[in-house]
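A short write-up of the structure that comes next.
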Amino acid sequence: MIRQYPDILQKVGVFGFSLYILAFTCLQTGKVCGNSALYTGLVVCAASCVLISLASAFNLAAFLIQSSYVLIGVFGLARRFAKWRSDRAAARASPFPRRVVNSGL
């Protein structure tokens, strides 16, 4: 069904490319950290868009690369979310407020 719209699929792929470039530019200019959820989220969205665009012109190597980015990125975001939840639970359980130390990154 979606293969009937190759122009839309190509635009989705170009949008994914734009997200990759935006994420990498932000990383190189110091606007985001490579460990940040924002950077990971941008890369996962970019890879997802490129994966969608492969429906019109499949390429196995591109599929493997993009699906790896999505899977690893989602795994990283899930780990970050789990740590955030456990930190929140620990902060609520502790009678003393936790101090956050800025590592300077």
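- In R79, the CZ atom is not crowded: 12 or fewer heavy atoms of neighbouring residues, nucleotides or ligands sit closer than 6.0 Å.
- Residue F15 holds its CZ atom at 7.5 Å from SG of C45, rounded to the nearest 0.5 Å.
- Residues V70 and V44 come closest through the heavy atom pair CG2-O, 4.0 Å.
- Cluster annotation: L22 and F17 are assigned to distinct hydrophobic clusters (Ile/Leu/Val/Met/Phe/Trp/Tyr, side-chain heavy-atom contacts under 4.5 Å, transitive).
- V50 and V12 are members of different hydrophobic clusters when ILVMFWY side chains are connected at heavy-atom separations under 4.5 Å.
- The CG atom of L64 sits 13.0 Å away from the OH atom of Y69 when rounded to the nearest 0.5 Å.
- At a threshold of 4.5 Å between side-chain heavy atoms, the hydrophobic network of Ile, Leu, Val, Met, Phe, Trp and Tyr places I65 and L42 in one connected group.
- For the pair G16 and C49, the tightest heavy-atom approach, listed with the atom from each and the gap, is CA-CB, 3.5 Å.
- For the residue pair A55 and L9, the shortest heavy atom distance occurs at CB-CD1, 4.1 Å.
- In this structure, Y20 OH and Q66 CD are separated by 3.5 Å, a value rounded to the nearest 0.5 Å.
- Under 4.0 Å is where a charged nitrogen must lie from a carboxylate oxygen, and between D87 and K83 at least one such pair does.
- The line from OG of S67 to CD1 of I72 is 9.0 Å long, rounded to the nearest 0.5 Å.
- The heavy-atom pair separating L54 from A62 by the smallest distance is CD1-C, 3.8 Å.
- Summarising the geometry of L51 relative to F63, their closest heavy-atom pair is CD2-CD1, 3.4 Å, with the distance given to 0.1 Å.
- Annotation: the span from L27 atom CG to F24 atom CZ amounts to 6.5 Å, rounded to 0.5 Å.
- The main-chain N or O of A37 is never found under 3.5 Å from a side-chain atom of T40 such that the two would form a donor-acceptor pair.
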